[in-house]
There are 2 protein chains.
Amino acid sequence: MSHCYCILLRKASRRVTTLYDEALAPIGVNLAQFSLLRNIQRAEPISLTDLGQRTELDRSTVSRNVKILEKMELVAMTNGQDQRETAVELSDKGRRVLKDGASLWDGVQTQIEAKLGNEASAQLTALLQAL
Amino acid sequence: MSHCYCILLRKASRRVTTLYDEALAPIGVNLAQFSLLRNIQRAEPISLTDLGQRTELDRSTVSRNVKILEKMELVAMTNGQDQRETAVELSDKGRRVLKDGASLWDGVQTQIEAKLGNEASAQLTALLQAL
DNA sequence: CGATATTGCGTGTATATACACGCTTTATGT
DNA sequence: ACATAAAGCGTGTATATACACGCAATATCG
């Protein structure tokens, strides 16, 4: 009656997301937002379309998620060279959140590696990337 | 700069969910709905609270997802012995969807195992359960 | 038996996510 | 240059998901 890979993935995803969300709570963002901020940082200023490709998210999803970060004053929207293009960049507050969150994020990474062991952690990474 | 386990999980989860959703499209339900139907089948009639525990989902989430299945006429709500309790059970249409979907689901399972190999598939299962 | 705690639900609110449309703004091709 | 295609976005709609509240029904305790 083998297990459904998709359900296993979704359950693990929910559980692990909760772990990260709780760890990041002190800085007021959840894992998805923290990750989005990091992706912005790596390429700012960046258009929403590019951000979508980097994160493997639909552009409309990115658009809405970024809007929330903007309301939280963690990012700012600027004009790209193009009149169509909207570019996103971090605010000082956003940079601080990334800085303060780094150790919190690292703590969960370490916690997971401690639970699984180094070898299994590497296997997990490889398997998830292969999917 | 190791990868974020959570993001790897979430990305894999989205990708794999898409695989299953596309495969199940002919029967008109997505993976989450198909899985919920299966969980109902295994214990019907079942209360929403119990269904939540089985699926590791919040009760309110189950409540809303079941409501959609009800609108699709795949399940029916009945009274538990208790006046508070609502029990869910499959409709004939719901049973047919499960029956027709079995081979579609199986196809994706096989496809994933073919891609990863048997050993890696077993490893993946074990790792996801350990998280 | 009456007060209190527990159980079971639904709803409000909020984020994450995708797809389909439709509107601008550029780019292209003849 | 003009018509057409392509790029970049926002919004509407829908599902998945969680948490906080509050209501009704049942169980418990003194």
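Reminder, nothing fancy here: chain letters follow the sequence lines and each chain counts from 1.
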Using a 4.5 Å cut-off on heavy atoms from C-beta on, say whether the side chain of A/Gln129 contacts that of A/Thr125. yes

May I ask you to test the A/Arg96-A/Asp100 pair for a side-chain heavy-atom distance under 4.5 Å? yes

Let me know the distance between [atom1] of [X] and [atom2] of [N], rounded to the nearest Å.
X       : N      : atom1 : atom2 : value
B/Arg15 : C/dA18 : CZ    : P     : 12 Å
B/Ile68 : D/dT17 : CD1   : P     : 10 Å
B/Gln83 : C/dT6  : CD    : C1'   : 17 Å
A/Phe34 : C/dA16 : CZ    : P     : 14 Å
A/Leu48 : C/dA18 : CG    : C1'   : 16 Å
A/Gln53 : C/dT17 : CD    : C1'   : 17 Å
B/Leu51 : C/dG8  : CG    : P     : 13 Å
A/Arg59 : D/dT11 : CZ    : P     : 11 Å

If you find the nucleotide of DNA chain D closest to B/Lys71 and the one closest to B/Glu56, which residue's nucleotide is nearer the 5' end? B/Lys71

Hey, is the side chain of B/Arg84 pairing donor to acceptor with the base of C/dT7 inside 3.5 Å? yes

Assess whether one donor atom and one acceptor atom, taken from the side chain of B/Ser60 and the base of C/dC9, lie less than 3.5 Å apart. no

Regarding B/Ser47, tell me which of base, sugar-phosphate or nothing describes its non-hydrogen contacts under 4.0 Å with the strands shown. sugar-phosphate

When all nucleic acid strands are considered with a 4.0 Å heavy-atom cut-off, which category describes B/Arg10: base, sugar-phosphate, or nothing? sugar-phosphate

Pairwise 5' ranking along DNA chain C for A/Arg64 and B/Arg64, keeping only the more 5' one: B/Arg64

Does a donor on one side chain and an acceptor on the other come within less than 3.5 Å for A/Gln109 and A/Tyr20? yes

[N] phosphate, OP1 or OP2, under 4.0 Å from [X] side-chain N/O:
X       : N      : result
A/Gln33 : C/dA16 : yes
A/Asn30 : C/dA16 : yes
A/Thr18 : D/dA18 : no
A/Arg14 : D/dA18 : yes
A/Thr86 : D/dG8  : no
B/Thr61 : D/dA16 : no
B/Ser63 : C/dG10 : yes
B/Asn65 : D/dT17 : yes
B/Lys67 : C/dT11 : yes

Answer yes or no: is there an ion pair linking A/Arg95 with A/Glu44, defined by an N-O contact shorter than 4.0 Å? yes

Taking D/dT11, C/dT17, D/dA18 as options, the one with an atom nearest any side-chain atom of A/Leu57 is C/dT17

When you measure from the side chain of A/Asp58, which nucleotide among D/dG10, C/dT6, C/dC19 comes out closest? C/dC19

Using atom types as modelled and distance alone, determine if a side-chain donor or acceptor of A/Gln33 lies under 3.5 Å from a backbone N or O of A/Asn30. yes

Determine whether more than 12 heavy atoms belonging to other residues, nucleotides or ligands lie under 6.0 Å from atom NZ of A/Lys93. yes

